[in-house]
Each structure stands twice: as C-alpha cells, then as structure tokens.
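Only one structure is covered here, and it is reproduced in the block below.
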There are 2 protein chains.
Amino acid sequence: MNKPARKARSGARGSITIKDVARYAGVSPMTVSRVVNGNQYVSAATRQTVLQAVRRLGYSPNIAARNLASARGERMGLLYGNPSASYLSEFLVGALDAATRHGVQLVLEKCELTPAASRRAVRRLVSGGAVGAVLPPPLCESAVIRAELQAARMRIVAVAAGRPPPELLCVRIDDFAAAQEMTRYLLALGHERLGFIKGHPNQTASEERWRGFSSVVQEAGHLPAPRVEQGFFTFRSGLDAARKLLAAEPLPTAIFASNDDMAAAVMAEAHRRGLEVPHDLTVVGFDDSLIASTIWPGLTTIHQPIAQMAGEAVDLLVSAVRGGNGHGAAESPHRLVAYELVARESAARPKGAVD
Amino acid sequence: MNKPARKARSGARGSITIKDVARYAGVSPMTVSRVVNGNQYVSAATRQTVLQAVRRLGYSPNIAARNLASARGERMGLLYGNPSASYLSEFLVGALDAATRHGVQLVLEKCELTPAASRRAVRRLVSGGAVGAVLPPPLCESAVIRAELQAARMRIVAVAAGRPPPELLCVRIDDFAAAQEMTRYLLALGHERLGFIKGHPNQTASEERWRGFSSVVQEAGHLPAPRVEQGFFTFRSGLDAARKLLAAEPLPTAIFASNDDMAAAVMAEAHRRGLEVPHDLTVVGFDDSLIASTIWPGLTTIHQPIAQMAGEAVDLLVSAVRGGNGHGAAESPHRLVAYELVARESAARPKGAVD
DNA sequence: CCCCGCTGTGGTATCGCTACCATCCTCCGG
DNA sequence: CCGGAGGATGGTAGCGATACCACAGCGGGG
C-alpha cells in the first residue's frame, strides 16, 4: 500500500466522490447512492443528513461511473432533416437537457429526405452505437426512415407528426384543435373573408391544420367560401400563395398560414402592396417559431412548446429503451402536450367591423 | 465463481467489449486499447489484426468506461444568452458534435445578461460540475460573466467576439476584413451613396464591422459621406434605422446592415415604401443567419461557419482543460476561421449605373 | 562482451458508481 | 414469546476502459 500519491489524487481533480459524502454523512456509500437516486428504502433522517452532506460538499455524481455501473449511457440518435433552424435550436435545447438528465448521450445526424441519404444516416447512427432515435419533423413523416430505423432494431419516437401511426411513440400537439382555435379566434375578431395557406402536403400536420380550419368554417356556416392556396412551409411558397390570395378581389380580411415562415411571407407581400398589417389585413401563423417574434408587427400564432416536446420525446425514448426492452410500455405511446394561442400584433378586427 | 448468469450478461446488452476484440485478435486488451487510441507502440502487423477484429465485431468503445478510466468525461458548459435562434441551432450542432468526439458532456445553461442572472447561471454550471464554458455571442462580450467564470476557476472560450482580450481563448472570424470585403463589393457594383447600420454598441464585433466599412469608404476617397444609423442587431432596431435612412433624399443606393436581421428589416421597410430590392435598393447583411436565405430575395451577406467555429471552440476548450492544466497552451489562444461573402439576390448594380 | 535504452506487449489496479446479496433491526400476529 | 415480513443499511463485486509498471527482445556504444 505504498501508493499514497495515487490515492491522494482522488481529491486532486477536485471531484467529490460518493465516498467523501458517505464519510462526511457517516453512512455507507450505498446509502448515499440510494438517496441521490431516490430509492425509497432510506429513512427520512438519514436522507436529510445525506442531502446536507451533498450540498455542503457540492457533490455531483460522476455520470461516466454511474452509466458504467448501471449499464446505462446509451447513445440516442437525433436525426434532423431540414426543419426551420429556429425550430431545431429549441428542439436541441430541450433534447439535450433531457439527455443530460437521463445520462444518455445525444448523437446528432443530419439526414436528407432521400432514401439513399436516410439509409446512410441510419447506418452511421447504428455504427455510432445509438439504440434509439428521435425524429423531429419533417423526418418523422418519412416511412423510409422509420423502416430503416426499425430494421436496425432501434426504438424511435416521432415529434410533432400530425397524425402518427398508432403504434409509434410520438409527442405532439393537437394540430387539429389548435387550428380550430385559431380559426375561431379569427371569426371572433369579426373576420369573414378568410384566406388559408396549406402546409406541405407530405406532412400529416398540414392536413390536420387544414381540417381544423375548414371544420370551423363549415361549422360557422354563413361565411363566404375561404380562398385556399397550397404552400410548402417555406417563405418562398408563402410568397407565391400570398400573391395569389392578394390578387383577387374582394381581398380576404384575414389570412391563416399553416406556419410562421409562410405567414411572414404574407406580411412581406402585403406590405409590398401597400397593405398595412393588421389594419388592412390580419395575418396569423402557426408554430411560434423565432421569426414570429422577430418581425414587426409580431405574428399572432400557435405556440408549440418545442423544447418541452423534445425533452418528453427523449424521456419517452429512454424509458422505452430501458423499460420495455422488447415490447413497449403499457401506457399509450402518444403524448399530447398543450399548445397556446399567442396573440401579438398581426391580428386585429377587420377594417369595417361594426359589431 | 458460481455466478455464470452475471458473467453471461456481458454480451446481453449486445455490446462488444474490448476483451471480446482482444480475444478475437489474439492479443491483450491493452493492445487493443492502444490501437484504438492511436498509441504508437504497436507493431504494424498487430495493428492490422486488431483493426480487422474491431471492424469484424463492430466494436465501439464504451464512452462511459473510457471516461471513467481516463478521468475524462468532463462536463463543459455552454452558456447561451440571446443570439438569434438560427445561430444557436447551428452552434449547438457544431458544439455537440465536437463534444461527442471528445467524449465530454455538454451542459446547456441559459443566461440573461444581467449580473445577477449570470451569477446564477455560472453557479448552476459549477454545481453541475462543468469545468469549462463556451461563450457564444453576445455573452462572450460580458466582462461580468467572464469574471464569474474565472472566479470559479473555469476555462472559457469565447466565440465570435470582434476584438477579444489577448489572453482569452477565442474563435472568431475577422469581422474587420469581412466588412471591408463587403464594402468593396458594394463599391465594385458601382454604389456610391451608401447607408450603414451599426450593430449593438456593447459588442466589439459591431465596431470591427463598422471600422471595416468606414476604412474602405475613406480609402475610396471620392464618395459622398455615407449615412449611418445605430442599430442593435434586432429586426426592430433595423426597421427604425431603415426608416431614417430611407426618409432623407437622396436615397442611398445600397445599405449595409451589420447583421442579417437588420438587413431583413431594411428589406421589409423598403418594400413597404414601394422600393424593389435589389432594383431600387441594394441591401446586404452579415452573418448568413437563417433569415438570409429564408426571405426573398435572398440576402447577400457574410457567411460565418458557425458550426465549425463552435466545434473548434469546444476543441480548444477541451485541450485547454486537459492539456495546460494551469497555464494555457503554448500556441496562440486566438483561432481565426475563414468567412465567405455569399452573393444572393439582394445586391445588384445601382439603377442608373453606367460604368 | 555487457549494459543501456528503446520498442512492443501483457498484467494489475483502479476510476466512481450501482446491482445484488447479506445483514440487522423493528414490528406484528399467532 | 417466537417466527416471519419487510424496512433500512452495509459489504462486495463488478461495469469497460485506461494508467502505470514490468518485462521480454533487440540493437549499438564503451
């Protein structure tokens, strides 16, 4: 035992270990571990003592050791395609946070939507040792990618698919209900001549939003038929759609675009034509992506808690991988989170409103 | 030794360990470790054998174990304030990638720019066990945060500070040169009546860009004095600046905004006033953030390789933490990366150009 | 010719934590 | 009063990898 130098190193890199805490609290390392991990078999008194020691010493568990010992530390893939960058940013924040909480490593992989590219991406993920994958939109809609991943025996969780297959793990908002709420909001403001810009046809969320919108319009009954244009979630496609919507008399008094980028395009086109938003035209979007609050006037839109959704997706994935090793957990695989209508400056009563 | 069930588990989670490879290759685990880590003391023949075994078995090292054994697996903080989300997104991708490469964990922490908030954020980082921190803009400019972090004995690396203190680890582009290049580009197109929108005064990059611009203007000599407005890097501030720039006759033929959000605002305001971009007005930005390619016409701007810069920042941080434990590495702490002028549709020759 | 120093390789002891098992104790019904 | 159930705790053995040391060969200078 003539290696005191080695032993002394325990404190050298400044890290407090579970043993230090145990010694300080006068209990065994096991008990500390139990407290830290929320095991129930610890008396309240002991727990307090340990927690105090933890705080006092500034102990924070060594993740590597924890993972190693508990055979955890799996790697989870995050396949990102081409969502708006602001979406990705929030998404990453949420996902990374959850990953840190669970002690899993997040491996990012960019992936185009072609079959070849997805195959390659999935292969990289597999060889990178990932055991599961999170699929933000629009990748979550790709049957190819899902098939590839499942072939590699990976658990997957889709985020924000509008209408996911029932067996797929999925975190989403109720696009249908959200679109309904927004449409009702427009009606409540007094708008009657509505315009709508659909989202990309290969994403089920687009259809849900469209269904939500038109269901309310039909419900209302008395309205003139809304003018509808096809968009593709891009600013450019929104511009094209806006041109058409704003070319034909009588002009709509409100335009509901299926996402914020397109709504921003509508605003740009309106301004170009000398229409003031919201005085001459109300514009609303969907997603509450960064552009919604960047531009002026701020865009009234549907807020999705993207970071939270990403976090829950990782949660779901982790428990799927750890818990139901073969078959899924007993609970429903779909998790619905709350959206919120954010009213900013881009929506107001129509010009000639009298009621 | 009557616990064969336990032993058998080694293969249960499907993971190939270094021992499996060693057995397969007929060498000791140590040798495999050496090969995997590129240690020089392995004969070429052995190396080949081992590499083949690795490939054949699909071995990939267990990061947790590696980190534990090598006392690595440090946590690195990434303090993000309020950069544009598109910036953050790319930044995260790059940083996360590098972190994965180095086997360090990235801990995100949001941080407002007030002293109290930064103190709290730093404390959370410290208690989270981070040993270093990456500071993207605009946090990299905050002396308060830097002081807090240094007080906590953390290594820090700033990203994209315009003119960082010489002793600070920093990854950046040459804002001055980039702004010069953009200005020369405008002059080359034939513009003479220029407008400039400065960036936020508390970021040194703003000043560098401004210096770059005005140095070229002075150099050229014969130009009318450019009109200059103060902006704050936000869309809104760009709008205000644009209003002023576009209110006074004679109108500038080109406006150089210190970032893309403000440039987008200039475009919006120009359109509102019936000016076509680039026909009636050339608008250029800086950063090549997402909005630059989202809007139409696309914005001519300076591209910063954000992901790469974030990656290099993490590299730098890791080597600082691992290498020079006390004092910095011998090499210069500043790393300059290449920017690129991206010409899109928002810049063209001025209307009446004849030469 | 011997010893030194270097290259290549294997053994052993951890790294910090948790799984699993063995205890010890308390409290209860019979 | 005893046996058993189950709460609360400690001991031990790894998880998979690397650090460090030991040692076997081999060539060159004194």
Side-chain angles (χ1 to χ4, degrees), chain A residues 1-23 25-50 54 57 59-74 103 129 322, chain B residues 1-23 25-50 54 57 59-74 103 129 322:
Chain A
M1 272 306 151
N2 45 12
K3 292 178 185 174
R6 202 73 154 22
K7 259 259 154 315
R9 205 193 71 179
S10 92
R13 240 189 80 291
S15 54
I16 311 289
T17 80
I18 202 170
K19 280 189 192 168
D20 300 322
V21 178
R23 203 161 25 235
V27 297
S28 83
M30 269 317 303
T31 302
V32 176
S33 171
R34 275 191 272 260
V35 169
V36 171
N37 294 290
N39 185 305
Q40 54 168 327
Y41 293 116
V42 182
S43 70
T46 309
R47 184 182 306 274
Q48 282 316 311
T49 316
V50 172
V54 166
L57 267 48
Y59 168 72
S60 111
N62 179 317
I63 301 178
R66 184 203 297 251
N67 289 343
L68 180 55
S70 52
R72 292 230 174 87
E74 306 92 344
R322 295 199 180 146
Chain B
M1 274 303 159
N2 46 13
K3 293 178 186 173
R6 200 76 154 22
K7 261 259 150 329
R9 206 192 71 180
S10 93
R13 243 190 77 289
S15 54
I16 309 291
T17 80
I18 202 171
K19 281 188 191 167
D20 300 322
V21 178
R23 204 163 21 237
V27 297
S28 83
M30 267 319 301
T31 303
V32 176
S33 171
R34 275 190 272 260
V35 170
V36 171
N37 293 290
N39 185 306
Q40 56 170 323
Y41 292 114
V42 182
S43 71
T46 309
R47 183 183 306 275
Q48 282 315 311
T49 317
V50 171
V54 166
L57 268 47
Y59 167 72
S60 110
N62 179 318
I63 300 177
R66 189 206 295 256
N67 289 343
L68 179 55
S70 51
R72 291 230 175 89
E74 306 92 345
R322 296 199 178 145

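Being a predicted model, the structure only gives us computed values, none of them experimental. Just so it is clear, the values below take in all heavy atoms, side chains as well, and ignore hydrogens, waters and symmetry mates.
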Taking only N and O in the side chain of B/Thr17, is any of them less than 4.0 Å away from OP1 or OP2 of D/dG16? no
Starting from C1' on D/dC15, measure out to CG on B/Asp20 and report it in whole angstrom. 13 Å
Contact summary for B/Ser28 and B/Ala22, nearest pair of heavy atoms: C-CB, 3.7 Å
Where the side chain of A/Ser70 is concerned, which of D/dT18, C/dT18, C/dG16 is the nearest nucleotide? C/dT18
Those residues that, when tested against B/Arg23, pass salt bridge (charged side-chain N to carboxylate O under 4.0 Å, His left out) (two or more places apart): B/Asp20
Sorted by chain and number, sequence neighbours left out, side-chain contact (heavy atoms from CB on, under 4.5 Å) with A/Ser60 holds for B/Arg75
At less than 4.0 Å, is any side-chain N or O atom of B/Arg66 found next to OP1 or OP2 of D/dT18? Yes or no. yes
Taking only residues two or more places apart in sequence or in another chain, which ones pass side chain to side chain donor-acceptor pair (under 3.5 Å) with A/Asn39? none
Between B/Gly26 and A/Ile63, who's closer to the 5' end of DNA chain C by nearest nucleotide? B/Gly26
Considering only heavy side-chain atoms of A/Pro61, the closest of C/dA19, D/dA19, C/dC17 is C/dC17
Nearest heavy-atom neighbours spanning A/Asn67 and B/Ala64: CB-CB, 3.7 Å
Separation of atom CG in B/Asn62 from atom P in C/dG16, rounded to whole Å: 16 Å
Counting only heavy atoms and a strict 4.0 angstrom limit, can you tell me which residues of residues 29-36 of chain B come near DNA chain C? B/Met30, B/Thr31, B/Arg34
Return the residues of residues 38-50 of chain B meeting this criterion: a heavy atom under 4.0 Å from some atom of DNA chain C. Order them by number, or give none. B/Gln40, B/Tyr41, B/Val42, B/Ser43, B/Thr46
B/Lys19 NZ - D/dA17 P separation (whole Å): 9 Å
Partners meeting side chain to side chain donor-acceptor pair (under 3.5 Å) with A/Arg66 (sequence neighbours left out): A/Asn37
From CD1 of B/Ile18 across to P of C/dG11 the rounded distance in Å is 14 Å
Side chain to side chain contact (heavy atoms under 4.5 Å, CB included) between B/Thr17 and B/Asn62: does it pass, once the steps are laid out? CA-CA 8 Å; B/Thr17 80; B/Asn62 179 318; over 6 Å; no
What residues form a side-chain contact (heavy atoms from CB on, under 4.5 Å) with A/Val54, not counting sequence neighbours? A/Val21, A/Val50, A/Tyr59
At 10 degrees resolution, what angle do the end axes of the helix from C/dC1-D/dG30 to C/dG30-D/dC1 form when each is taken over five base pairs? 50°
Of all heavy-atom pairs linking A/Arg47 and A/Gln40, the shortest is NH2-O, 4.1 Å
With respect to the phosphate group of D/dT18, does any side-chain polar atom (N or O) of B/Asn37 fall under 4.0 Å of OP1 or OP2? yes
Could you grab the distance from atom CG of B/Leu68 to atom CG of A/Leu68, nearest 0.5 Å is fine? 5.5 Å
Atom pair distance, as rounded to whole Å: CG in B/Asn67 and P in C/dG16: 13 Å
Got a sec, which residues hit side chain to side chain donor-acceptor pair (under 3.5 Å) with B/Thr49, two or more places apart in sequence or on another chain? none
Take atom CG of B/Leu68 and atom C1' of C/dT18, then tell me their distance rounded to the nearest Å. 12 Å
